Colleague: 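Here it is, the structure in full.
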Amino acid sequence: MTVRVRLAPSPTGNLHIGTARTAVFNWLFARHHQGQFILRIEDTDEARSKPEYTQNILDGLSWLGLNWDEGPIFQSKRIDQYHQAIQKLLDQDLAYRCYTTPEELDALRESQKARKEAPRYDNRHRNLSQEQEAAFIAEGRQPVIRVKIDDDGQINWTDLVRGPMAWKGSDLGGDMVIARAKASGEIGQPLYNLAVVVDDLDMQISHVIRGEDHIANTAKQILLYEALGDTIPTFAHTPLILNPEGRKLSKRDGVTSISDFQEMGFTAEALANYMTLLGWSPTDATQELFLLDNAAEQFSFERVNKAGAKFDWDKLDWINSQYLHPMPATELVERLIPYWQAAGFSFDPVAERPWLEQLTALIGPSLTRLKDCVDMSQFLFDDAVEFSEDAITHLQQDGVAAALASLKQVLSSLETFSAEAAQTSIKQVVKEQGVKKGLVMKSLRASLTGSLKGPDLMESWLLLHQRGVDLKRIEQAIAQA
RNA sequence: AGUGGUGUACGCAAAUGGUUCAAGCGGCUUGGUUUUCACCCAAGUGAUUGCGGGUUCAAUCCCCGUCGCCACUCCCA
């Protein structure tokens with residue numbers, strides 16, 4: 001049997017990390033079995049679906065390297081198929097029109113809640129007489145369409161992650177709605193559970209891999225598979241990604257969409273690596289750094305965890321740094337340039353390329369997130385230094401002004417500037433002023449960078465010199481001191 | 001309230017009846033390196049495997065109970 005899996009996001013928001021992780025598992029499974037990974041956009045909720053979200057989802061998946069083999073297929077373009085399926089259910093008397101109003105349903109749930117009962121639809125319109133139906137229609141009520149769920153029914157399946165699963169029909173909340181309200185005789189907007197089953201059947205999906213929050217839906221959907229088709233896919237319900245409080249990670253938890261992670265400076269490789277690790281482990285669990293292709297080779301649901309996993313920024317950061325640090329400057333610089341540009345730094349990415357690469361080589365091994373390059377290198381792009389409080393305190397110490405003045409003197413007599421010349425200049429000042437080298441270095445750092453900490457001083461100096469701002473800064477510092 | 005699921009250190013997790021330390025990574029602490037910071041390197045830290053019982057020569061692992069936590073119970077997906 002060929003493996004055919006699908007990712008079925010609804011475009012009601014940007015690509016969420018939970019959806020992306022589901023995508024990762026689907027992709028890994030498909031690739032492992034040389035199957036197909038299909039992308040389907042579930043936009044049946046017209047009110048909440050937006051094209052820009054669809055675009056964001058497509059972009060995010062592409063960025064992560066989760067290429068799909070078919071699609072995107074839009075449910076909004078398949079309404080006819082859903083209507084046909086609904087009509088079939090109606091014709092077979094497996095579904096019926098329910099005229100209960102939302103208000104009545106609310107009241108029902110309220111009273112059930114008050115009696116400490118589980119909320120459920122009481123199937124009150126399952127066997128309406130023609131007269132009753134006519135009366136409701138005369139009242140102007142618009143019916144939804146519900147599929148009958150046998151309370152005594154038993155639904156079983158074997159979940160690839162959780163093993164044997166069993167549900168009672170009576171625990172499914174009563175007959176389920178498959179189409180929104182619309183004038184009797186017509187068929188309203190099809191709902192999720194129905195559309196999913198029709199599509200998965202049409203697309204010959206072999207395995208449904210999704211988050212465990214869908215487990216109850218699976219029981220309902222199996223009923224529809226039985227009514228509408230003759231095959232039922234295999235299911236795998238993956239654990240959820242949790243926030244620090246242990247709840248399902250949602251938009252309320254702040255940064256949760258893939259484009260946000262991208263913007264913050266995580267690499268696609270690192271993020272995909274981390275998402276895979278959240279709930280799955282390679283056969284050699286000590287080997288935590290891997291590319292999607294490597295994971296696909298050995299992916300299996302036997303090694304997918306059952307419990308939800310809390311999202312951990314520290315670990316993601318660490319993984320990201322592991323991808324960034326060994327990256328050659330010639331490659332890294334390409335990734336850094338957009339961040340520098342976004343920060344508003346002025347530079348010519350072509351003409352100044354060597355300088356930018358040199359800078360990248362300097363800060364690259366210290367980066368955690370790509371965006372860190374902004375704060376780390378700001379002082380190199382700025383025209384003038386802004387002195388930190390610490391730096392000013394240092395500059396005002398005894399002997400600093402004199403040392404800097406001496407340094408300025410030495411430098412201005414220099415014919416050509418180089419790393420060696422810089423070193424000898426410092427030594428000369430130390431000798432002339434009779435101060436410790438540490439003092440000169442610290443003063444120089446404060447002068448050139450405006451701060452007491454930062455990347456390697458001599459390298460920074462060389463970069464600054466190429467921009468022709470080093471002497472100016474030393475003068476600026478002398479004024480402060 | 002019901003139904004389903006789940007519980008190994010601060011977080012992710014490995015080992016699933018059988019050695020000596022219940023792996024590893026992150027975190028945190030300390031040291032080294034850098035005359036700074038970060039990175040990096042090293043060491044250290046921390047778990048009566050939720051709890052109680054049972055089966056067994058032997059239980060993280062199997063069984064029962066219990067507690068906690070999570071998800072679901074929309075004319076959302």
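Excluded from the calculations below are hydrogen atoms, water molecules and symmetry mates; all remaining heavy atoms, backbone and side chain alike, are included. For clarity, every value in this text was computed on a predicted model and none was experimentally measured.
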Colleague: Could you summarise the pairing of RNA chain B as dot-bracket text, marking Watson-Crick and G-U pairs under 3.5 Å with ( ) or [ ] inside the strand and | across strands?
Modeller: (((((((..(((.....[.....)))((((((.......))))))....(((((..]....))))))))))))....
Colleague: Any idea which of B/C39, B/C75, B/G5 is nearest the A/Pro102 side chain?
Modeller: B/C75
Colleague: B/U36 phosphate, OP1 or OP2: any side-chain N/O from A/Arg445 under 4.0 angstrom?
Modeller: no
Colleague: Looking across every strand, which nucleic acid part, if any, lies under 4.0 Å from A/Gly454 by heavy atom: base, sugar-phosphate, or nothing?
Modeller: base
Colleague: Is any side-chain N of the basic residue among A/Glu288 and A/Lys315 closer than 4.0 Å to the acidic one's carboxylate O?
Modeller: yes
Colleague: Determine the minimum heavy-atom distance between A/Arg120 and A/Leu108, stating which atoms define it.
Modeller: O-CD2, 3.5 Å
Colleague: Once you round it to whole Å, what is the distance between P of B/A14 and CD of A/Glu302?
Modeller: 13 Å
Colleague: Calculate the interatomic distance between A/Asp213 atom CG and B/C74 atom P; express it in whole Å.
Modeller: 15 Å
Colleague: Can you confirm whether A/Glu139 is buried at CD, in the sense that more than 12 heavy atoms of other residues, nucleotides or ligands lie under 6.0 Å from that atom?
Modeller: yes
Colleague: Looking at A/Ser281, I'd like to know whether one of its side-chain N or O atoms comes within less than 4.0 Å of OP1 or OP2 on B/A13.
Modeller: no
Colleague: Just grab all the ring pair (Phe, Tyr, Trp, His ring centres under 6.0 Å) pairs involving residues 269-288 of chain A, residues at least two apart or on different chains.
Modeller: A/Tyr274-A/Phe311, A/Trp280-A/Phe290, A/Trp280-A/Phe299
Colleague: For atom CD of A/Glu386, decide whether the heavy atoms of other residues, nucleotides or ligands shown that lie under 6.0 angstrom number more than 12.
Modeller: no
Colleague: Send over the distance from A/Asn320 CG to B/C39 P, rounded to a whole Å.
Modeller: 14 Å
Colleague: Give the ring-plane orientation class for A/Tyr99 versus A/His125, where under 30° counts as parallel, over 60° as perpendicular and anything between as tilted.
Modeller: tilted
Colleague: Between A/Gln221 (CD) and B/C72 (P), how many Å, whole number?
Modeller: 15 Å
Colleague: Shorter than 3.5 Å, N or O on both sides, protein versus nucleotides 46-48 of chain B: list them out with atom names.
Modeller:
none

Colleague: Please answer whether the main-chain N or O of A/Gln75 pairs with a side-chain N or O of A/Glu42 as donor and acceptor at a distance below 3.5 Å.
Modeller: no
Colleague: What's the closest nucleotide to the side chain of A/His325 if the choices are B/C40, B/A13, B/C72?
Modeller: B/C40
Colleague: Measure from the side-chain heavy atoms of A/Asp171 and tell me the nearest of B/C75, B/G2, B/C12.
Modeller: B/G2
Colleague: Measuring from the side chain of A/Lys437 (C-beta onward, heavy atoms only), which nucleotide among B/C75, B/U35, B/A77 has the closest atom?
Modeller: B/U35
Colleague: Which is more 5' along RNA chain B, the nucleotide nearest A/Tyr192 or the one nearest A/Tyr121? Just name the residue.
Modeller: A/Tyr121
Colleague: Report yes if a side-chain nitrogen or oxygen of A/Arg109 is closer than 4.0 Å to either non-bridging phosphate oxygen (OP1 or OP2) of B/C75; otherwise report no.
Modeller: yes
Colleague: Between residues 6-23 of chain A and RNA chain B, which residues have a heavy-atom gap below 4.0 Å?
Modeller: A/Ser10
Colleague: Just call it for A/Ala181: base, sugar-phosphate, or nothing, with non-hydrogen atoms closer than 4.0 Å on any strand.
Modeller: base
Colleague: How does protein reach along nucleotides 21-28 of chain B, written 5' to 3' as B (base within reach of a heavy atom under 4.0 Å), S (only sugar-phosphate), or - (no contact)?
Modeller: --BBBSS-
Colleague: Would you name the heavy atoms of A/Ile319 and A/Ala270 that are closest together and state the gap between them?
Modeller: CG2-O, 3.8 Å
Colleague: More than 12 foreign heavy atoms under 6.0 Å from CD of A/Glu46: is that the case here?
Modeller: no
Colleague: Can you tell me if A/Asp382 uses its side chain to pair, donor with acceptor, with the backbone of A/Val385 under 3.5 Å?
Modeller: no
Colleague: Are the side chain of A/Asp375 and the backbone of A/Asp372 linked by a donor-acceptor contact shorter than 3.5 Å?
Modeller: no
Colleague: Quickly work out the A/Glu42 CD to B/A77 C1' distance and round it to whole Å.
Modeller: 7 Å
Colleague: Are A/His237 and A/Phe301 close enough that their ring centres sit under 6.0 Å apart?
Modeller: no
Colleague: Answer with yes or no whether A/Asn217 presents, from its side chain, a donor or acceptor under 3.5 Å of a partner atom in the base of B/A77.
Modeller: yes
Colleague: A/Asn305 CG to B/A71 C1': how many Å, rounded?
Modeller: 17 Å
Colleague: Would one find more than 12 heavy atoms of other residues, nucleotides or ligands at under 6.0 Å from atom CG of A/Asp106?
Modeller: yes
Colleague: Measuring from the side chain of A/Ala216 (C-beta onward, heavy atoms only), which nucleotide among B/C72, B/A77, B/G11 has the closest atom?
Modeller: B/C72
Colleague: With sequence neighbours left out, what residues match A/Asp175 under side-chain hydrogen bond (donor to acceptor under 3.5 Å, both in side chains)?
Modeller: A/Tyr96, A/Arg126
Colleague: Minimum heavy-atom separation for A/Ala361 to A/Ala329, with atom names?
Modeller: N-CB, 4.0 Å
Colleague: Look at A/Arg303 and B/A15 and indicate whether a side-chain polar atom (N or O) is within less than 4.0 Å of OP1 or OP2.
Modeller: yes
Colleague: Assess, by modelled atom type and distance only, whether the side chains of A/Thr286 and A/Asp284 contain a donor and an acceptor separated by less than 3.5 Å.
Modeller: yes
Colleague: Quick check on RNA chain B: between A/Lys116 and A/Gly308, whose nearest nucleotide comes earlier from the 5' end?
Modeller: A/Lys116
Colleague: Rounded to whole Å, please give me the gap between CZ in A/Phe311 and C1' in B/A13.
Modeller: 16 Å
Colleague: Any side-chain N or O of A/Lys248 less than 4.0 Å from the OP1 or OP2 oxygen of B/C72?
Modeller: yes
Colleague: Between B/C75, B/U36, B/G5, which nucleotide gets closest to the side-chain atoms of A/Asp456?
Modeller: B/U36
Colleague: Over how many whole Å does the gap from A/Asp199 atom CG to B/A77 atom P extend?
Modeller: 12 Å
Colleague: Kindly say if A/Ser451 contacts the phosphate of B/C37, meaning a side-chain N or O under 4.0 Å from OP1 or OP2.
Modeller: no
Colleague: Which of these nucleotides, B/A71, B/U6, B/U36, is closest to any side-chain atom of A/Ala307?
Modeller: B/U6
Colleague: The side chain of A/Lys453 lies closest to which of these nucleotides: B/C12, B/G5, B/C37?
Modeller: B/C37
Colleague: Looking at B/U73, does its base get a donor-acceptor pair with the side chain of A/Arg120 below 3.5 Å?
Modeller: no
Colleague: For B/U49 versus B/G7, give the span between their C1' atoms, rounded off to a whole number of Å.
Modeller: 10 Å
